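Computed from a predicted model, the values in this text were never measured in an experiment.
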Amino acid sequence: MAILPATASFNPDAYQAAVIGVATSFSKHDSRAHQHLRGQLLYARRGTIRITLANQLCLLPPSRAAWIPPSTEHRAVMRQIVDYRSLYFLPALSARLPTQVCIIDVSPLLQAVLEPIAMAEFDQDWSQGRHRHLLGLCLDEIAGARREPMLLPLPTDRRLAKLVASPDHQLPPPLHVLEQEVGASGKTIGRIFQKETGMSYQQWRQQWRLIRAIELLAAGHTLAYTAAALDFSSDSVFIVFFKTMLGCTPRAYFK
């Protein structure tokens, strides 16, 4: 049975088929930290999923998909109604896909093949006929999909422990405030962030704001509420920020 209830536990490594698909919906769910030998494609048809990795946060927005390579420890947290599909590929198939966690755009073709794969029986033979073509199309679409900037690397320096202890909701402070909080100069903080995240502190803070903005908008908050919550001076300034980061307005992104 491919449709799983919210209370069901599931081990994709217990099956032999080349790909295992599941379909389910949660209102609230915390997978806890775990890993599996199969690579996983997680597609959020509705709602957002926050994925925690070793030193990264990853946001899965609605109508996008997350690719999680085999044996990658991760934790998925859902705080609202989330309707999703999940495909688990054997390591041999996963080797054809990205080697790092990434968020991808779901093309109409990928969306079309996800559903029959997710709903297939767990003992389905994927080596011939229609199912072989479905699987091939799915892999090709994942490999060639456009990636979206939904990863937030986390610094590990002990001086910044308070900043990253609970990065879910509290807006990171401006640099001059952070200097006072951690007792380090702006240059020192900048060097730490560049070394440990590959970003300046300002770039990191902007990435945090983008991820949080998408979470708030996806949860049904208004553009005005989101702009105020993230300390933008006006709705128009927020829209310009969003378009600069993603190339489109919030309305266009969610449409």
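- A salt bridge between R146 and D105 is present, with a side-chain N of the basic residue lying under 4.0 Å from a carboxylate O of the acidic one.
- The main-chain N or O of P98 is found under 3.5 Å from a side-chain atom of W67 such that the two form a donor-acceptor pair.
- Each of P61, P62, S63 was scored for a side-chain contact (heavy atoms from CB on, under 4.5 Å) with F254, with one residue passing: P62.
- Not a single donor-acceptor pair under 3.5 Å links the side chain of H36 to the backbone N or O of S71.
- Residues E181 and L178 have side chains in contact (heavy-atom distance under 4.5 Å, counting atoms from C-beta outward).
- In terms of heavy atoms, Q56 sits closest to P153 at CG-CA, 3.8 Å.
- Distance alone, capped at 3.5 Å, places no donor-acceptor pair between the W126 side chain and the I20 backbone.
- Under the 3.5 Å distance criterion, the side-chain polar atoms of R64 are left unmatched by any main-chain donor or acceptor of L59.
- Placement of I68 and L152 within a single hydrophobic cluster is found when ILVMFWY residues are connected by side-chain heavy-atom separations under 4.5 Å, directly or transitively.
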Problem - Chi angles and distances behind the side chain to side chain contact (heavy atoms under 4.5 Å, CB included) call for R209, M245 - result: CA-CA 10 Å; R209 292 169 105 188; M245 296 291 283; over 6 Å; no

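- Heavy-atom neighbours of Q100 CD from other residues, nucleotides or ligands within 6.0 Å: at or below the threshold of 12.
- In the hydrophobic cluster analysis, where Ile, Leu, Val, Met, Phe, Trp and Tyr join through side-chain heavy atoms closer than 4.5 angstrom, I103 is grouped together with M199.
- Across A184 and I189, no two heavy atoms sit closer than the pair O-CD1, 3.9 Å.
- Residues L57 and W208 are not in side-chain contact: their nearest non-hydrogen atoms beyond the backbone lie 4.5 Å or more apart.
- Side-chain contact check for Q202 and R205: no donor-acceptor pair (N or O, by modelled atom type) lies under 3.5 Å.
- Within the 4.5 Å cutoff, side-chain heavy atoms of T197 are placed close to those of P155.
- Residues I51 and L41 are members of separate hydrophobic clusters, defined by side-chain heavy-atom contacts under 4.5 angstrom among Ile, Leu, Val, Met, Phe, Trp and Tyr.
- T24 approaches D83 most closely through the heavy-atom pair O-OD1, 3.3 Å.
- Both L171 and I214 are members of a single hydrophobic cluster when ILVMFWY side chains are connected at heavy-atom separations under 4.5 Å.
- Although no hydrogens or angles enter the test, the distance criterion places a donor-acceptor pair under 3.5 Å between the side chain of S94 and the main chain of F89.
- For the atom pair C102 SG and L151 CG, the distance stands at 8.0 Å (nearest 0.5 Å).
- No donor-acceptor pair under 3.5 Å is formed between the side chain of R212 and the backbone N or O of L230.
- Using bins of under 30°, 30° to 60° and over 60° for the plane-to-plane angle, the ring pair F232/F241 lands in the tilted bin.
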Exercise for the section: Before giving the answer on side chain to side chain contact (heavy atoms under 4.5 Å, CB included), spell out for W204 and L154 the whole-Å C-alpha distance, their side-chain angles and the decisive distance to 0.1 Å. Expected result: CA-CA 9 Å; W204 186 87; L154 301 177; 4.1 Å; yes

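- The backbone N or O of A76 sits less than 3.5 Å from a side-chain atom of S31, completing a donor-acceptor pair.
- Classified by interplanar angle (parallel below 30°, tilted 30° to 60°, perpendicular above 60°), the ring pair F242/F238 is perpendicular.
- The line from CD1 of I211 to SG of C58 is 7.5 Å long, rounded to the nearest 0.5 Å.
- Closest non-hydrogen pair, D125 versus H131, comes out as O-CB, 3.8 Å.
- Distance CE/M150 to CD1/I104: 13.5 Å, rounded to 0.5 Å.
- Interatomic distance, L87 CG to I142 CD1, rounded to the nearest 0.5 Å: 6.5 Å.
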Exercise for the section: Walk me through it: do R75 and H34 pass the test side chain to side chain contact (heavy atoms under 4.5 Å, CB included)? Expected result: CA-CA 6 Å; R75 174 185 179 187; H34 68 286; 5.7 Å; no

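- Side chain of Q207 to backbone of P149: a donor-acceptor contact under 3.5 angstrom is found.
- By the rule that hydrophobic residues join a cluster once side-chain heavy atoms approach within less than 4.5 Å of another member, V113 and F122 end up as members of separate clusters.
- Rounded to the nearest 0.5 Å, atoms OH (Y43) and CD1 (I49) are 11.5 Å apart.
- For the pair L37 and P70, the tightest heavy-atom approach, listed with the atom from each and the gap, is O-CB, 3.0 Å.
- Between the side chain of E196 and the backbone N or O of D157 there is at least one donor-acceptor pair closer than 3.5 Å.
- In this structure, CZ in R85 is found 10.5 Å from CD in Q111, a value given to the nearest 0.5 Å.
- Counting all heavy atoms, side chain and backbone alike, A17 lies closest to R38 at O-NH2, 2.6 Å.
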